[in-house]
Amino acid sequence: MATAANARTPGWWRSAVVYQVYPRSFMDGNGDGVGDVPGITSRLDYLARLGIDVLWLSPVYASPMDDNGYDISDYQDIDPLFGTLDDIDALIAGCHERDIRVVMDLVVNHTSDEHAWFEESRDPASERRDWYWWRPGRDGGAPNNWESFFSGPAWELDEKSGEYYLHLFSRKQPDLNWENPEVRRAVYAMMRWWVDRGVDGFRMDVINLISKDPTLPDGTPTEGRELAPSIHSVANGPRLHEFLAEMNREVGLDERHLLTVGEMPGSTLELARDATDAARGELNMVFQFEHVELDAQPGQGKWALADLPLPRLKANLAKWQDGLADVGWNSLYWDNHDQPRAVSRFGDDSDEHRVASAKTLGTVLHLHRGTPYVYQGEELGMTNAGFTEIGQYRDIEALNYHDDAVSLGEQVERVLESLAVKGRDNARTPMQWDASEHAGFSSGTPWLPANPNKDVVNAEAAEADPDSVFHHYRRLIELRHAHPAVVDGRFALLLPDHEQVWAFTRTLDDRVLLVLANCSSTPATLDDGGLPDLSGAELLLGTHDGGGGTTLAPWESRLLGLGG
Ligand code: TEU
């Protein structure tokens, strides 16, 4: 069988669109209320009809599920909740038969505290003691002032030895010590094992946290908090590039043309440019976080909500386009399993504007230069969960934040508002397949309830409607495959100060693609000048029939082709 894996060619991922599946919420094959691997396999024809090139699978490994599988107790087994290794083999084969490649989530900044490595490491005399970050306490407390991403100190006291271990996420996610070469060798061996099993690449969880300053220096706390937010103290450590290059060599990542995308919260443009400079042999692309941090108060963490004027968002994406134009490569995303739903966040999820705004956000993102990522349900215009009580949340980050903030004296209403806007469970409600009970996701009771708007927002209805968000995404993917300018064209932002319209060009030789997108819920006028001559322009994709002229309807967007 000529599998897609055999056909990997250098740089293939530049013209690819990646679709992220969050297994817990995609499709439940056995009726236990939790999505699973056979469920995903049963829906591959849907993904083939959408036309995506790559499936990125969030973790399905053995896990106590403290963080929904981002706490791994065995990298080389599948959790029974999700299936078996045979099921994964069937999924990979099913993808390859449909020319879809498979990218696994690689979570190696930390393991679960129930991983055999950590269980051994708890014994101070063990050869694995040094595989994690163990330190004595300071002044009767934690070894330094770092705060976990999931609230509270990043250190946990282990009674057995009287020492603390570092966990940048939950206390059930101890950080691996990458200074130890044996740790690195074990990780690379595990990665090779997955490559041999047929996977086509890795999405690397918080990979810019693997290198830490071994002196573990205190961070500078922000006003009103005694703990220093860990990210600013620990990200982008001194040996990061060395470790990434070593991993690439030892696993043969470039040699085998595997897709590599490193998740890097706190990454700067310079760091991302170096990490994705092909000549250095580290990564293909990174997930940077700047554009998903603009709607928060600077330095106050994600829960401190702030308005986001369009010019700031445009300027930020343009900065990354320009910064990686000659060296490196961008990943493009609005959504993932950690972010609220794009249409609720950057669009308008009212009945009136949901469809047009979801399409327009899709056009804007997919026409930037880089590899676009579609998060399950984004192609349907799925919306935030609309939770109003803490009892509806399941995510450890949300529950810890709520308890922490309330105990520090914050108003419950404000905390619930932040959660409703930013909570990760917004993205984790079941995929909406049809209008039946539980949205066709499960025959049992789903672990998170389906959004009641499944009666209108669902894959079955979207596939039957040629004007749906689904078909708009399908066309965007087709356009990328058909037009080299979508992949390689040079980016230029137009009308940077326009408060409603996102306008830009992509130019390759004498071919110009022009995007005009009204990113607001009121009509917008384009009389500002600053646009190319549109005579003879061909409408390649629009959100309204027969558009034209100089007024854009609310959330109307047009993709125009000029010259070439
Ligand atoms: O996320 C890391 C990360 O920096 C954030 O997105 C984080 O989840 C949180 O939202 C900060 O407020 C990765 C995974 O994508 C996430 O699901 C895991 O919980 C986390 O790492 C730990 O593995």
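The model shown is predicted, which means the values in this text are computed figures rather than measured ones. Counting starts at 1 for both ligands and their atoms, following the listed order.
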Out of all atoms in ligand 1, which are within 4.0 Å of some heavy atom of Asp338? Include the element for each. 1 (O), 6 (O), 8 (O), 13 (C), 14 (C), 15 (O), 16 (C), 17 (O)

Check Asp113 with Arg122, please: is the shortest side-chain N to carboxylate O separation under 4.0 Å? yes

Which ligand 1 atoms, with their elements, are less than 4.0 angstrom from a heavy-atom of Glu397? 9 (C), 10 (O), 11 (C), 12 (O)

Can you list the atoms of ligand 1 that are under 4.0 Å from a heavy atom of Lys302? 10 (O), 12 (O)

Residues Phe346, Trp334; criterion side chain to side chain contact (heavy atoms under 4.5 Å, CB included); working and verdict: CA-CA 9 Å; Phe346 302 111; Trp334 291 134; 3.7 Å; yes

Between Arg203 and Gln20, is any side-chain donor less than 3.5 angstrom from a side-chain acceptor? no

Provide the number and element of each atom of ligand 1 under 4.0 Å from a heavy atom of Phe150. 19 (O)

Non-hydrogen atoms of Arg203 versus ligand 1: any pair closer than 4.0 Å? yes

Does ligand 1 have any atom that is closer than 4.0 Å to a heavy atom of Gln339? no

For His110, take its heavy atoms, then give the atoms of ligand 1 lying under 4.0 Å from any of them. 22 (C), 23 (O)

Looking only at atom types and distance, does a side-chain atom of Ser121 sit under 3.5 Å from a main-chain N or O of Arg129, one as donor and one as acceptor? yes

Measure from NZ or CZ of Arg43 to the centre of the six-membered ring of Trp433, then state whether that distance is under 6.0 Å and the direction lies within 45° of the axis. yes

Run the ring-ring contact (aromatic ring centres under 6.0 Å, His included) test on Tyr75 and His115 for me, step by step, so that the C-alpha distance in whole Å, both residues' side-chain angles and the decisive distance to 0.1 Å come before the verdict. CA-CA 9 Å; Tyr75 291 110; His115 194 293; 5.5 Å; yes

Within ligand 1, which atoms have a heavy atom of Pro265 less than 4.0 Å away? 4 (O)

Sidechain N-carboxylate O distance under 4.0 Å for Glu182, Arg185: no

Within the 4.0 Å heavy-atom shell around Asp67, which atoms of ligand 1 are there? 18 (C), 19 (O), 20 (C), 22 (C), 23 (O)

Heavy-atom pairs closer than 4.0 Å: do any link ligand 1 to the side chain of Phe287, the backbone, both, or neither? neither

